[in-house]
Engineer: 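Have a look at this one before I ask anything.
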Amino acid sequence: MNTPLIPRPLHGVADYLYVPTVAAAPALFGFAHARTPARLARLISGGVLASTLVTRAEWGVVKAMPYKTHLLLDFVSGLGAMALPWLAGFSRNRAARNTFLTIGAISVAAGLLSGVLGDAEEMPLAAEE
């Protein structure tokens with residue numbers, strides 16, 4: 001079994017950095033005035049925070065969701081984020097479109113480099129420790 005390039009503890013740190021960055025993206029990159037992409041950025045940020053908080057990992061608070069499920073959500077939500085500029089009608093807003101392409105690519109890459117395709121190691125359940 002190959003070790004993922006991003007180990008589970010580091011993935012959690014990345015998630016907790018990703019959440020405020022995505023939430024602040026509309027203000028940081030100049031599309032806070034555009035209601036749809038600004039709201040979607042906050043929605044994505046909140047979804048990643050919720051997923052992170054309930055993941056069974058060192059950094060999860062509730063530890064209910066398997067880590068591989070978390071990675072799959074990262075991967076799928078990243079693909080969705082990259083499609084949103086066209087699906088939600090803001091593809092002509094260059095700043096918003098490029099931001100969503102970037103945050104989506106980061107999410108897809110984080111999932112892949114953390115082992116979504118099979119190399120990720122689950123944290124043992126408390127009863128198994």
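These figures come from a predicted structure and were not determined experimentally.
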Engineer: Could you tell me the separation between the CG atom of Asp15 and the OG atom of Ser107, rounded to the nearest 0.5 Å?
Structural biologist: 8.0 Å
Engineer: Considering non-hydrogen atoms only, spot the tightest contact between Ala41 and Pro26 and give its length.
Structural biologist: CB-CG, 3.8 Å
Engineer: Look at the side-chain heavy atoms of Ile, Leu, Val, Met, Phe, Trp and Tyr, link any pair under 4.5 Å apart, and say whether Tyr18 and Val13 land in one connected group.
Structural biologist: no
Engineer: Hey, quick one: are Val22 and Leu53 part of the same hydrophobic cluster, counting side-chain heavy atoms closer than 4.5 Å, chains of contacts allowed?
Structural biologist: yes
Engineer: Please report the C-alpha distance between Lys68 and Glu122 in whole Å, then the side-chain angles of each, then the deciding distance to 0.1 Å, and finally whether the salt bridge (charged side-chain N to carboxylate O under 4.0 Å, His left out) criterion is met.
Structural biologist: CA-CA 7 Å; Lys68 285 187 180 182; Glu122 293 287 350; 5.6 Å; no
Engineer: Can you measure from CG (Leu40) to CD1 (Ile103) and round to the nearest 0.5 angstrom?
Structural biologist: 9.0 Å
Engineer: Passes ring pair (Phe, Tyr, Trp, His ring centres under 6.0 Å), Phe100 versus Phe90? Steps please.
Structural biologist: CA-CA 10 Å; Phe100 276 78; Phe90 60 90; 5.0 Å; yes
Engineer: How many angstroms lie between OG1 in Thr55 and NZ in Lys63, if you round to the nearest 0.5 Å?
Structural biologist: 9.5 Å
Engineer: Decide yes or no on salt bridge (charged side-chain N to carboxylate O under 4.0 Å, His left out) for Arg8 and Glu58, but give the supporting numbers first.
Structural biologist: CA-CA 8 Å; Arg8 190 177 58 234; Glu58 297 82 353; 2.8 Å; yes
Engineer: Taking it one step at a time, do Leu117 and Leu112 satisfy side chain to side chain contact (heavy atoms under 4.5 Å, CB included)?
Structural biologist: CA-CA 7 Å; Leu117 298 179; Leu112 289 173; 3.8 Å; yes
Engineer: Would you say the side chain of Arg94 lies within less than 4.5 Å of the side chain of Phe31, judging by non-hydrogen atoms?
Structural biologist: no
Engineer: Is Leu49 reachable from Leu10 through a run of hydrophobic residues whose side-chain heavy atoms are each under 4.5 Å from the next?
Structural biologist: no
Engineer: Between atom NE2 of His11 and atom CG of Leu113, what is the distance when rounded to the nearest 0.5 Å?
Structural biologist: 10.5 Å
Engineer: For Ala96 and Pro37, which heavy atoms make the closest approach, and how far apart are they?
Structural biologist: CB-CB, 3.8 Å
Engineer: Report whether Ile6 and Ile106 are members of the same hydrophobic cluster (ILVMFWY, side-chain heavy atoms less than 4.5 Å apart, transitive linking).
Structural biologist: no
Engineer: Please round to the nearest 0.5 Å and tell me the distance separating atom CZ of Phe29 and atom CZ of Arg97.
Structural biologist: 14.5 Å
Engineer: Quick check: does any side chain N or O of Thr69 sit under 3.5 Å from a backbone N or O of Met65, one acting as donor and the other as acceptor?
Structural biologist: no
Engineer: Output yes when a side-chain donor or acceptor of Ser51 lies under 3.5 Å from a complementary backbone atom of Gly47, and no otherwise.
Structural biologist: no
Engineer: Which atoms form the tightest heavy-atom contact between Ser45 and Ala23, and what is the distance?
Structural biologist: OG-CB, 3.5 Å
Engineer: Can you give me the closest heavy-atom contact between Val108 and Leu79, atom names plus distance?
Structural biologist: CG2-N, 3.6 Å
Engineer: Measure the spacing between CG of Leu5 and OG of Ser114 and express it to the nearest 0.5 Å.
Structural biologist: 9.0 Å
Engineer: Among the clusters formed by ILVMFWY side chains lying less than 4.5 Å apart, do Leu101 and Val48 turn up in the same one?
Structural biologist: yes
Engineer: Using every non-hydrogen atom in the two residues, find where Trp59 and Tyr16 come nearest and quote the distance to one decimal.
Structural biologist: O-OH, 2.9 Å
Engineer: What heavy-atom pair brings Pro85 and Met82 nearest, and what distance separates the two atoms?
Structural biologist: CD-O, 3.5 Å
